[in-house]
Enquirer: 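Below is the structure I would like to discuss, written out as structure tokens.
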Number of protein chains: 2
Amino acid sequence: MSTSRKDIHNSDVPKLCQSCEVRHKGMCGALNANELVDFAKHTRVVKVSAGDVLLQEQGSIRAYANVMRGVLKLTKTMADGRQQIVGLQFAPDFVGRLHQDESPVRVEACSGVEVCSITRNALRKMLEKNPALETKLLHQALREVDQGREWMLALGRKTAREKVASFLMMMVRQIDPFSRGNAATAFDLPLTRAEMGDFLGLTIGTVSRELTRLRRVGVIRISSHRHIDVLNLEALRQSAG
Amino acid sequence: MSTSRKDIHNSDVPKLCQSCEVRHKGMCGALNANELVDFAKHTRVVKVSAGDVLLQEQGSIRAYANVMRGVLKLTKTMADGRQQIVGLQFAPDFVGRLHQDESPVRVEACSGVEVCSITRNALRKMLEKNPALETKLLHQALREVDQGREWMLALGRKTAREKVASFLMMMVRQIDPFSRGNAATAFDLPLTRAEMGDFLGLTIGTVSRELTRLRRVGVIRISSHRHIDVLNLEALRQSAG
DNA sequence: CGGAATTTTGAATATCGTCAAAGTGAGTGG
DNA sequence: CCACTCACTTTGACGATATTCAAAATTCCG
């Protein structure tokens with residue numbers, strides 16, 4: 001049996017983690033085998049389905065998590081029911097507000113989702129022992145700040161047309177972060193029209209109209225509402241402003 | 001000469017820091033006297049006036065800073081000139097994007113501003129030595145995430161009226177974080193009408209109209225354009241949605 | 001195949017933007 | 001101290017964009 005140079009303790013990595021596709025990309029990338037073993041004692045995989053709520057807005061935070069599969073939406077709601085999606089999370093994002101007892105947002109699954117959940121206390125202890133973990137979380141927080149600001153520009157200054165195109169561009173980048181040149185791409189929308197509206201600060205009608213328009217001018221093709229083929233990536237990029 | 005119990009090394013605190021009003025509140029609160037001495041070797045106070053740019057959008061980051069006095073605006077601009085303010089920074093906020101070579105936003109003074117500037121390298125070394133510093137910066141990053149999301153709700157879902165009222169409420173909280181009951185408050189706006197528009201995703205005309213309306217219904221008083229007296233805090237809170 | 005949920009589309013309306021003109025205030029120099 | 005200038009703000013009339021409300025069409029799923 002061959003043992004690789006650095007992964008001499010690889011057999012010590014918990015089974016749970018060995019099968020985790022995003023183990024090296026997320027927060028856990030900062031942990032070595034021994035730390036993973038320690039960590040895994042306090043984690044468990046939780047499966048939720050579309051519509052299930054992981055954290056309530058202003059609800060207490062009992063556990064944190066890492067997304068392993070699927071899409072989560074973070075929403076804020078006004079007293080009269082108006083809603084805004086303020087973030088989307090994909091694997092391997094960290095879920096939950098650190099250093100705060102209440103979640104400032106509602107966290108809800110947009111699709112079938114698997115997360116790797118860890119208790120508050122276990123994470124706190126791990127953070128105390130392992131500064132590299134905190135560095136990872138700082139990195140994610142800074143990325144979220146950047147993403148949030150990118151969307152503030154869209155919400156405040158872009159037209160409905162540009163908002164919808166920007167959202168599609170965001171989906172393209174989610175698939176292929178380097179979205180080079182004019183390579184055609186296809187993907188399934190993780191959100192309903194209503195959710196797209198909640199994300200873009202638009203109504204469902206306006207979202208639908210602008211998608212129809214992008215379809216009519218030949219920028220995209222739409223199959224069965226959810227599936228998008230990008231026929232002209234450059235034109236889509238232009239439309240995004 | 002009396003030396004207090006814990007601050008036995010107080011005389012070692014750099015003069016620069018001794019006179020810093022926000023020394024304990026910002027990032028530097030994580031440093032002891034010796035560390036401050038070390039730190040202060042690489043810092044200098046920089047004074048800038050309204051309109052001066054500390055960081056360009058996509059410009060290289062040569063130094064970080066802490067706000068000591070005044071207000072900074074963080075903006076993003078589209079190719080055709082449309083602009084959005086994506087954040088405001090006050091003392092003792094940390095300025096600059098960590099772990100990234102280019103600033104994702106333009107940082108510009110809204111008023112006379114003093115910052116305590118530190119070189120990239122000096123901060124990096126300090127962070128390596130002092131995990132508590134990173135914890136402080138993580139805290140600020142998380143606060144900025146929360147603030148950004150709060151504004152996304154306003155930008156995406158609030159009416160012009162609610163946006164303007166929300167902005168005034170934000171100013172009230174900036175003065176008095178607990179903005180209790182119905183205590184009247186007064187303050188000077190740190191932004192011009194145009195800047196308020198860029199912040200709220202509105203035009204200057206709409207901002208002015210909504211301020212006039214709040215004045216006419218007796219919620220606020222306006223003196224010489226910049227000074228606001230809040231006459232009815234509860235009504236303002238209602239107007240903010 | 002049938003019913004529910006979602007999406008598309010249409011017509012009328014409201015909100016906010018655009019453009020332009022008038023008003024106000026701060027700073028400067030006489 | 002006053003008048004002048006310039007930048008900023010207010011206000012108005014009109015128009016464009018997105019919303020609202022409602023109905024028709026499509027897709028999903030049992």
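Within every chain, numbering begins at 1; the chains are lettered A, B, ... in the order of the sequence lines, protein sequences first and strands thereafter. Just so it is clear, the model here is predicted, and its values are computed rather than measured.
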Enquirer: From CZ of Arg157(A) over to C1' of dC16(C), roughly how many Å is that when rounded to an integer?
Expert: 12 Å
Enquirer: For DNA chain C, find the residues of residues 204-220 of chain B with a heavy-atom distance under 4.0 Å and give them by number; none if there aren't any.
Expert: Thr206(B), Arg209(B)
Enquirer: If you fit an axis to the five pairs at each end of the helix from dC1(C)-dG30(D) to dG30(C)-dC1(D), how big is the angle between those two axes, to 10 degrees?
Expert: 40°
Enquirer: Salt bridge or not between Asp198(A) and Lys73(A)? Use side-chain N to carboxylate O under 4.0 Å.
Expert: no
Enquirer: Does the pair Lys76(B)/Asp146(A) count as a salt bridge with the N-to-O cut at 4.0 Å?
Expert: no
Enquirer: Looking at every heavy atom in both Glu57(B) and Thr75(B), which two are closest together, and how far apart are they?
Expert: OE1-O, 3.8 Å
Enquirer: Can you tell me the distance, in whole Å, between the CG atom of Leu202(A) and the P atom of dT17(D)?
Expert: 14 Å
Enquirer: dA18(D) C1' sits how many Å from Leu200(A) CG, rounded?
Expert: 13 Å
Enquirer: Would the number of heavy atoms belonging to other residues, nucleotides or ligands and lying under 6.0 Å from CZ of Arg226(A) be above 12?
Expert: yes
Enquirer: Specify the separation, in whole Å, of atom CG of Asp188(B) and atom P of dG25(C).
Expert: 15 Å
Enquirer: Checking His225(A) now: which residues fulfil ring pair (Phe, Tyr, Trp, His ring centres under 6.0 Å) with it, not counting sequence neighbours?
Expert: none
Enquirer: Out of dA18(D), dA26(C), dT7(C), which has the shortest distance to the side chain of Thr192(A)?
Expert: dT7(C)
Enquirer: State whether Glu162(A) and Arg82(B) are salt-bridged, where the test is any N-O pair (Lys NZ or Arg NE/NH1/NH2 against Asp/Glu carboxylate O) under 4.0 Å.
Expert: yes
Enquirer: Round to the nearest Å and state the distance from Arg226(B) atom CZ to dT9(D) atom C1'.
Expert: 11 Å
Enquirer: Going by an N to O cut-off under 4.0 Å, is there a salt bridge joining Arg149(A) and Glu144(A)?
Expert: no
Enquirer: Charged N to carboxylate O below 4.0 Å: is that the case for Glu21(A) and Arg69(A)?
Expert: no
Enquirer: Classify Gly197(A) by what it touches in the nucleic acid, base, sugar-phosphate, or nothing, heavy-atom distance under 4.0 Å.
Expert: nothing
Enquirer: Assuming nearest nucleotide by heavy-atom distance, tell me which of Ser224(B) and His225(A) is located more 5' along DNA chain C.
Expert: His225(A)
Enquirer: Should the ring pair Tyr64(A) and Phe94(A) be called parallel, tilted or perpendicular, given that the plane angle runs from 0 to 90° and is split at 30 and 60?
Expert: parallel
Enquirer: Judged by each residue's nearest nucleotide on DNA chain D, which is more toward the 5′ side, Thr203(A) or Ser223(A)?
Expert: Thr203(A)
